[in-house]
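Note sheet for the following structure.
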Amino acid sequence: MADEKSLHFLEEIVERDLKEGKYTGIATRFPPEPNGYLHLGHAKSICLNFGLALKYGGFTNLRFDDTNPTTEETEYVESIKEDVRWLGYNWANEFYASDYFEQLYTFALRLIDKGLAYVDDSSSEDMATQKGTPTKPGVANQYRSRSIEENRQLFTDMRAGKYKDGEKVLRAKIDMAHVNMLMRDPVIYRIKHAHHHRTGDAWCIYPMYDFAHGQSDSIEKITHSICTLEFVPHRELYDWCIQKLEIYPSHQYEFARLNVTYTVMSKRKLLTLVNEKYVNGWDDPRMPTLSGMRRRGYTPESIREFCDKIGVAKRENLIDIGLLEFCVREHLNKIALRRMVVFNPIKVVLTNYPEGQEEILTSENNPEDPSTGVREMPFGKELFIEADDFMEVPAKKYFRLAPGQMARLKSAFIIKCDTFVKDANGSITELHCTYVPESRSGSDTSGLSVKGVIHWVSARHAVPVEVRQYDRLFRVEDPALIGELADALHPDSIKVTTAMAEPALQSATKADRFQFMRTGYFCLDADASEKKLIFNRTVTLKDMWAKETAKGK
RNA sequence: UGUCCUAUGGUGUAAUGGUAACACUGCAGAUUUUGAUUCUGCCUUUCUAGGUUCGAAUCCUAGUAGGACAACCA
């Protein structure tokens, strides 16, 4: 019996519309501009739009808002499609605003014929001046009173390529003194002699967002057009166009965009990170892009769960990145295969283990999911363990190895540290331990009980692998508050080291998710090859001991 | 010195005029062959001032705070 989850405000609107019989089914759309890669903020929008249609019976179109040929590229179209699919959603139709250019042009003519649009020859500077400010009304210029015939001719000539970029624009004729700046005769068409990624050189005039988006919604009979809060002032213009054009009345609703601590979500800033080479491309595992997160090892399930948990509302928010990490740990804990990898090895010699002997031990692949079975681990006289798992002088509450102390090697034997060897620098290089033969996991008759359990690999069988340990990209909670993006960067957002892995990892595939026991969740990186295994750390395991030791400092 | 949007624990989100709750975080404990997971408990909340009402987080008014709006970007 699942408890009723309360509805967010958009679900309430949809339910009310459905109940009142306004619609029999809903239609939404996800409308990215193909000028960058999708990020976590887009995921929120995708989950919302597709989720609503899925929940209430309807469909979602993927519509590329490609009205600005100078910034848009096919490369982005492909990545966007891949990311939406990866997140787990299927669009009903793949559309482009550019599919509607001819229709939109007709709409513009309709406005002209109604005396609701005019061609303006002003420079953009002059237009800005004439527009006034939020507190000062704008003023009309001489072009505003051009005749319908003249406007028609001029606009037709604009399309025919008779003018250069910036020479003329088409403006809606609304109200230069309107309290909403966007209603002060907004530009709806501009001249751009530029190659468009889909329409090629067919057009030299392109509609502005406000004369393309709502109309596209209307053409597709979108019932609920959902966007972020910064478009609230556009709604008035959105409705004006639909009303004057007398076309299908789609409605716009706005929600608060996603912000996450220690990251940035603006396309401009992400582009800067890529262009200035602060990261290695859009899919750098430190990026909050979906391609970056995918490469890092995030699962679509965990991202969807995150989007569900953060909710949908209208107030500005800054979500703790810890919630994202919680979501991915929660999922990975259920599906990741357990493996042992020693990051900072010291050698352990089992002095009472017969010389030359080896045996095969087994260990669960995933205790959360017994159906995943076990894998085999070779065991021998010489092992590697984590340097951190030994303390010459144990701290209080430390219950791993120390001189005279015992610990269990996970899935193997209990060992006791007898002596240790130091090198010339005073750092510990080797531990000499004795193992308890009758303490073998699964058939332990030793009667001993030890609290410390540590991971290990057989020295002779250990496989060196590269591990890329990522940390947050920014050192401050809200990088937007720092003027220069570079100043907000975390200096150690990536640490590359070589670690010693158990042999089972040699058969890792790119689809596998691993938990390196007691360390974190990892996956094979795209750069990995048969010869060289490279693992990305998706997220660390929660570490209460680290917290405990930090307290003392 | 305009218009619009928003205001609930540290962070998010509920409560739809009738006992302020859920998740994350934090803290404490139990279990544990991962100091993980799991489980238990605890801390902490309605921006301010008026008003309406038997009763207000919820409705009204004013204030305060934050955000948006002056691209031929979306």
Side-chain angles (χ1 to χ4, degrees), chain A residues 3 5-8 12 31-33 35 65-68 70-72 97 120 122-124 127-129 131-138 165-171 178-182 184 186-192 206 208-210 212-213 227 229-236 254 256 261 267-268 309-327 329-330 333-334 338 340 363-364 367-368 397-400 407-412 414 439 441-442 444 449-455 515-520 540-549:
Chain A
D3 37 347
K5 207 195 164 210
S6 54
L7 304 175
H8 60 69
E12 282 180 355
E33 184 189 9
N35 69 346
D65 231 333
D66 56 350
T67 56
N68 186 357
T70 53
T71 58
E72 295 152 5
D120 194 325
S122 309
S123 67
S124 55
M127 275 182 50
T129 315
K131 221 161 199 179
T133 71
T135 53
K136 237 181 290 164
D165 289 9
E167 236 179 294
K168 286 180 167 44
V169 292
L170 183 71
R171 291 227 254 172
H178 203 286
V179 70
N180 181 348
M181 294 288 293
L182 281 162
R184 321 242 258 231
V187 171
I188 57 176
Y189 262 94
R190 78 289 217 188
I191 300 169
K192 271 180 193 274
Y206 293 92
M208 297 288 290
Y209 166 85
D210 287 302
H213 197 97
C227 60
L229 248 28
E230 63 267 30
F231 290 94
V232 168
H234 292 253
R235 190 173 63 233
E236 199 169 9
E254 312 87 10
T261 57
K267 256 195 231 178
R268 205 197 86 241
K309 277 193 192 322
I310 59 176
V312 179
K314 295 188 79 160
R315 65 183 113 138
E316 307 286 330
N317 58 77
L318 182 59
I319 309 282
D320 187 344
I321 197 164
L323 182 62
L324 214 213
E325 295 174 344
F326 169 83
C327 291
R329 283 191 190 108
E330 187 182 42
N333 178 47
K334 290 190 191 116
R338 272 55 173 175
M340 296 196 211
S363 188
E364 303 160 290
E368 303 286 323
K397 295 194 202 169
Y398 184 84
F399 50 71
R400 277 115 79 173
R408 172 175 289 280
L409 297 172
K410 170 73 183 168
S411 297
I414 291 172
S439 67
S441 286
D444 185 349
S449 125
V450 295
K451 192 161 165 71
V453 178
I454 64 177
H455 60 279
Q515 183 198 98
F516 291 177
M517 297 196 78
R518 306 206 299 134
T519 309
T540 60
L541 244 37
K542 247 172 64 174
D543 190 348
M544 293 303 285
W545 175 246
K547 215 172 263 180
E548 186 69 34
T549 51

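The sequence lines fix the lettering, A, B, ..., with proteins before strands; numbering per chain opens at 1.
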Taking the six-membered ring where the residue is Trp, are the ring centres of H213(A) and F231(A) under 6.0 Å apart? no

Is there a Watson-Crick or G-U wobble partner for A21(B) with both distances under 3.5 Å, and which nucleotide is it? U13(B)

When both distances are under 3.5 Å in a Watson-Crick or G-U wobble arrangement, the nucleotide paired with C27(B) is G41(B)

Look at the side chain of V453(A) and decide which nucleotide, out of U33(B), G12(B), U32(B), has an atom nearest to it. U33(B)

Name the nucleic acid region contacted by L318(A), choosing base, sugar-phosphate or nothing; use a 4.0 angstrom heavy-atom cut-off, strictly under. sugar-phosphate

With rounding to whole Å, what would you report as the distance between C27(B) and U44(B) at their C1' atoms? 11 Å

Pairs: protein N or O with nucleotides 68-74 of chain B N or O, under 3.5 Å:
residue: C72(B); atom: N4; partner: S122(A); partner atom: O; Å: 3.1
residue: C72(B); atom: N4; partner: G166(A); partner atom: O; Å: 2.9
residue: C73(B); atom: OP2; partner: R190(A); partner atom: NE; Å: 3.0
residue: C73(B); atom: OP2; partner: R190(A); partner atom: NH2; Å: 2.7
residue: C73(B); atom: O3'; partner: R190(A); partner atom: NH2; Å: 3.2
residue: C73(B); atom: O2'; partner: N68(A); partner atom: ND2; Å: 3.2
residue: A74(B); atom: OP1; partner: T67(A); partner atom: OG1; Å: 2.6
residue: A74(B); atom: OP1; partner: R190(A); partner atom: NH1; Å: 3.3
residue: A74(B); atom: OP1; partner: R190(A); partner atom: NH2; Å: 2.9
residue: A74(B); atom: OP2; partner: Y209(A); partner atom: N; Å: 3.0
residue: A74(B); atom: O4'; partner: E33(A); partner atom: OE1; Å: 3.4
residue: A74(B); atom: O3'; partner: D65(A); partner atom: OD2; Å: 3.3
residue: A74(B); atom: N6; partner: H234(A); partner atom: NE2; Å: 3.1

Can you tell me how far P of A36(B) sits from CE of M517(A), to the nearest Å? 12 Å

Expressed in angstrom and rounded to an integer, what is the separation of K136(A) atom NZ from U3(B) atom C1'? 16 Å

Set out, in order, the CA-CA distance, both residues' side-chain angles and the distance that settles side chain to side chain contact (heavy atoms under 4.5 Å, CB included) for V187(A) and M127(A), then state yes or no. CA-CA 10 Å; V187(A) 171; M127(A) 275 182 50; 3.3 Å; yes

Atom-to-atom span, NZ of K410(A) to C1' of U37(B) - whole angstrom: 11 Å

Do the side chain of R315(A) and the base of U6(B) come within less than 3.5 angstrom through a donor-acceptor pair of N or O atoms? no

Using atom CD1 of I321(A) as one end and atom P of G12(B) as the other, report the distance to the nearest whole Å. 14 Å

Identify whether any heavy atom of G520(A) sits under 4.0 Å from a base atom; if not, whether one sits that close to sugar-phosphate; answer base, sugar-phosphate or nothing. nothing

What closest approach, in Å, do D65(A) and A97(A) show between heavy atoms, and which atom pair accounts for it? OD1-CB, 4.0 Å

For atom NE2 of H8(A) and atom P of G12(B), their distance in whole Å: 18 Å

Taking only the P atom of each, what is the distance from C47(B) to A15(B) in whole angstrom? 16 Å

Anything under 3.5 Å between a protein N or O and an N or O of nucleotides 21-28 of chain B, put it in a table, one pair a line.
residue: G26(B); atom: OP1; partner: K547(A); partner atom: NZ; Å: 2.3

Looking across every strand, which nucleic acid part, if any, lies under 4.0 Å from V312(A) by heavy atom: base, sugar-phosphate, or nothing? sugar-phosphate

Quick one: does L324(A)'s side chain get under 4.5 Å of I319(A)'s, heavy atoms only? no

Distance under 6.0 Å and angle within 45° of ring axis: K192(A) vs Y206(A): no

Determine which nucleotide pairs with U3(B), using a 3.5 Å limit on both distances of a Watson-Crick or G-U wobble pair. A68(B)

What nucleic acid atoms does Q515(A) come within less than 4.0 Å of, heavy atoms only: base, sugar-phosphate, or nothing? base

Under the 3.5 angstrom rule, does the side chain of R338(A) hit a backbone N or O of S363(A) as a donor-acceptor pair? no

Report yes if some heavy atom in the side chain of D165(A) is under 4.5 Å from a heavy atom in the side chain of R190(A); otherwise report no. no

Under a 3.5 Å limit for both distances, which nucleotide forms a Watson-Crick or G-U wobble pair with U33(B), could you say? none

Among V453(A), V450(A), I454(A), the one residue meeting side chain to side chain contact (heavy atoms under 4.5 Å, CB included) with R400(A): I454(A)

Taking the side chain as every heavy atom from C-beta outward, state whether P186(A) and D210(A) have any atom pair closer than 4.5 Å. no

